[in-house]
Amino acid sequence: MGNMSDSLSKDQRAEMERQFNIYQDGVSEIIPAFEMKEKIAKSLLTDRPLKVKLGLDPSAPDVHLGHTVVLNKLKQFQENGHIIQLIIGDFTGKIGDPTGKSTARKQLTNEEVKHNAQTYYEQFSKVLDMEKVELFYNSAWLSKLGLEDTINLSASITVARLLERNDFSERLAAGKPISLHEFFYPLMQGYDSVELESDVELGGTDQHFNVLMGRHLQEYYNKEKQVVIMLPLLEGLDGVEKMSKSKNNYIGVDEDPREMFGKIMSIPDELTLKYSNLITDLSHIEKNDIAMRLESGDLHPRDAKMLLGKVIVRMYHDEAAAQLAEEHFKTVFQRGAIPQDIPEVIWEGSHSIHVIDLLVQLGLQSSKSEARRMIQNGGIRINSEKVMDVDLLVHLPKELILQVGKRKFLKLLNPKAN
C-alpha cells in the first residue's frame, strides 16, 4: 500500500491521528497498527470511505450488551463517514462456527437463519444507523462457488495451520471427532473479505483465528489486505464468564428498563469501569472522571454503578425510563419497599397449597427442585416475610405479594377467599 501518510497535509495528518486514536481506544489489538493509519491516510487522500466489516453467525438472535462492544466501535467508524459492511452468515451459519466448541455445532435451517437475521437487524438499530449500513448475505457468493473454486480455496491453507486452533487441537487430542465441513468455516468467513474487498474487520478476541483468515485470503487472491481490530470480551453478571445467554449472565438490549438497571447494579464492582469504557456513549472526559473519582474514593462503587445503570438504560430506552428505573431500584432495594406497579394474577385454585407447588403453578419457578433451592437460599418472600420452610402450606387470603429473588414481584388475588 506504500506510505500514504507521507503525502498528507498537516490538517489531514491531524485528522488521521484523531481517527486512529478513536479506533484504538478500548481495543485489545490492531493488526497491524501501522497499516490502520495507512488505511485512514488513503481514505483521506482519495476521499473514499473505508469498508469496515463485521460478520454475523445468526445462531443466537438475542443481542446483549456483550455484542455492543463491537457495535460501538462500528458506530465510531460510521460517525467518521466510513461504510459498515454487515455480513449475515446465512451460508456459514449452516456450517456452524466451531470456535470454543468441543463438538460440532448444530446446522441451522434457512428459516432459522432468516428469522435470526431479522432480529439482529432490528436490535442493531439501537446502536447503528441501519439506513447507512450495507447488509449482505454471504450465500450470495458462497453458494455460487463450484467444486474447482472450493478446492482452490482449500489450497490456500494447510491442515497443520487449521489445527493450530485451540478448539480443533483440543478435540483432536481428546479423540473427539472433527468433521471436514468444520474446517471450511474460517475459510468461508475469510472469503467474505475477499468478495467485499473489506479494509477493516472487527471481531472479539475469541475470533482471532477467523478474522485473520480474511487477511490471509485477501493476500492469497492478490487483494489489498484488511486490518484486523480485536476487541475484548465483556464478562457477564458473574464477573467471570463471557456474557452469554446460554450462561444466563447477560443483559439484553431489549430488556425492561428496571430489569436492565437491576442487573447492572448486580455486576462486581471491579467491572464497573470496563463496562463504562466499552459499552457506554460517555465521553473520554466523563470516563476518566469516573475512574479518577473511584480511585480517590470520592465516588462510591455503588454510586458509580448507579450512574452506569442510568446511562445504559438511557441508551437503550430513554432518559425518563432511566430515571424511573433508578427510583424503582432505590424503592425496592435500598428502602426495602414493595413497588406499586407489579403484575397481578387472579387465583382460581384451592384456598391452600404448598409453597413449592404455588411457585411452579404461577410460573415463578420452572420446576419444584428449582423452587426448593430458591427457598433454601432465602430467595422467596410472602408479604415481605422470608419463607424458611420448603413444606410450608400457604393459606391464600384475598391478596398477597410474592417476591422471587431481588427483582421479581407478583400480586396474587384470590376473589373466592372469605
Side-chain angles (χ1 to χ4, degrees), residues 17-30 64-77 79-80 126-127 204-205 229-243 249-253 255-337 339 406-407:
E17 293 293 345
R18 184 192 71 82
Q19 288 195 35
F20 179 78
N21 288 335
I22 290 173
Y23 303 146
Q24 74 170 349
D25 183 48
V27 308
S28 296
E29 189 177 8
I30 297 179
H64 52 65
L65 293 186
H67 295 118
T68 68
V69 176
V70 68
L71 293 181
N72 287 328
K73 187 58 63 177
L74 287 175
K75 183 179 180 181
Q76 292 174 351
F77 278 97
E79 289 174 340
N80 284 314
K126 291 178 176 287
V127 180
T205 51
I229 297 182
M230 307 304 307
L231 291 144
L233 303 178
L234 189 72
E235 292 87 354
L237 302 178
D238 54 10
V240 179
E241 298 280 357
K242 180 181 80 169
M243 187 175 285
N249 67 350
Y250 71 102
I251 305 172
V253 299
E255 287 198 50
D256 176 83
R258 293 180 299 185
E259 184 74 5
M260 185 178 280
F261 190 96
K263 284 186 174 182
I264 288 291
M265 293 303 297
S266 74
I267 67 172
D269 291 349
E270 57 270 20
L271 281 183
T272 303
L273 281 180
K274 186 170 185 179
Y275 272 51
S276 175
N277 289 332
L278 294 180
I279 61 174
T280 73
D281 58 4
L282 295 174
S283 67
H284 291 295
I285 294 174
E286 291 170 317
K287 292 174 182 177
N288 289 337
D289 179 64
I290 292 172
M292 289 188 293
R293 290 168 61 202
L294 277 172
E295 186 175 357
S296 67
D298 290 340
L299 181 64
H300 193 280
R302 178 200 62 236
D303 296 328
K305 283 196 286 190
M306 293 191 78
L307 173 61
L308 175 65
K310 286 185 70 175
V311 170
I312 295 295
V313 174
R314 186 258 302 158
M315 288 173 63
Y316 295 102
H317 295 280
D318 55 40
E319 193 70 49
Q323 188 66 39
L324 288 172
E326 181 186 34
E327 285 303 316
H328 174 81
F329 182 86
K330 289 179 178 178
T331 298
V332 175
F333 301 104
Q334 292 187 337
R335 302 173 194 146
K406 294 181 178 180
R407 295 186 290 274

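Values below: every heavy atom of this structure, side chains too, minus hydrogens, waters and symmetry copies.
- Closest heavy-atom contact between Gly26 and Pro232: O-CD, 3.3 Å.
- Nearest heavy atom pair, residue Leu282 against residue Val311, reads CD2-CG2, 4.0 Å.
- Leu294 contributes atom CG, which lies 10.0 Å from atom NE2 of His300 (distance to the nearest 0.5 angstrom).
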- Should Ile279 and Asn72 be marked as a side-chain contact (heavy atoms from CB on, under 4.5 Å) after you check the CA-CA gap, both sets of side-chain angles, and the distance that decides it? CA-CA 7 Å; Ile279 61 174; Asn72 287 328; 4.2 Å; yes

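- A distance-only check finds no donor-acceptor pair linking the side chain of His317 to the backbone of Asp256 [under 3.5 Å].
- Ring planes of Tyr250 and His64: tilted class, angle from 30 to 60°.
- Residue Ile290 holds its CD1 atom at 8.5 Å from CG of Asn277, rounded to the nearest 0.5 Å.
- The closest side-chain heavy-atom distance from Thr280 to Lys287 is below 4.5 Å.
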- Task: Go through Tyr316 and Ile251 one step at a time and tell me if the side-chain contact (heavy atoms from CB on, under 4.5 Å) criterion holds.
- Result: CA-CA 11 Å; Tyr316 295 102; Ile251 305 172; over 6 Å; no

- Task: Could you check Met265 against Arg302 for side-chain contact (heavy atoms from CB on, under 4.5 Å), going step by step and ending with a plain yes or no?
- Result: CA-CA 8 Å; Met265 293 303 297; Arg302 178 200 62 236; 4.0 Å; yes

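- Within the 4.5 Å cutoff, the side chain of Leu324 has no heavy atoms near those of the Pro257 side chain.
- Remark: Lys242 NZ is loosely packed, at most 12 non-hydrogen atoms of other residues, nucleotides or ligands lying under 6.0 Å away.
- Between Met306 and Phe261, some side-chain heavy-atom pair lies under the 4.5 Å cut-off.
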- Would Glu235 and Ile267 count as a side-chain contact (heavy atoms from CB on, under 4.5 Å) if you check the C-alpha gap in whole Å, the side-chain angles of each, and the deciding distance to 0.1 Å? CA-CA 9 Å; Glu235 292 87 354; Ile267 67 172; over 6 Å; no

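- Here the CZ-CG distance, from Arg293 to Asn288, works out to 12.5 Å after rounding to the nearest 0.5 Å.
- Taken to the nearest 0.5 Å, the CG atom of Leu233 stands 11.0 Å off from the CD atom of Glu241.
- Shown here for Val27 and Gln24, the closest heavy-atom pair between the two residues is CG2-O, 3.2 Å.
- Leu65 has its side chain within reach of Val253: a pair of non-hydrogen atoms, C-beta onward, lies under 4.5 Å apart.
- Here the CD-CZ distance, from Glu17 to Phe20, works out to 7.5 Å after rounding to the nearest 0.5 Å.
- The minimum heavy-atom distance linking Leu271 with Gly239 is given by the pair CD1-CA, 3.6 Å.
- Counting non-hydrogen atoms of neighbouring residues, nucleotides and ligands closer than 6.0 angstrom, the CD atom of Glu79 exceeds 12 such neighbours.
- Closest approach of Leu308 to Tyr275, counting heavy atoms only: CD2-CB, 3.6 Å.
- Between Arg18 and Asn80, some side-chain heavy-atom pair lies under the 4.5 Å cut-off.
- Lys305 and Pro268 make their closest contact through NZ-C, 4.4 Å (heavy atoms, listed as atom of the first residue, atom of the second, distance).
- Asp25 places no side-chain N or O within 3.5 Å of a backbone atom of Asn21 that could act as its donor or acceptor partner.
- Side-chain N or O atoms of Lys310 include none that pairs as donor or acceptor with a backbone N or O of Gln323 at under 3.5 Å.
- Remark: side-chain polar atoms of Asp303 are not paired, donor with acceptor, to backbone N or O of Leu299 under 3.5 angstrom.
- Rounding to the nearest 0.5 Å gives a distance of 10.5 Å between CD of Gln19 and CD of Gln76.
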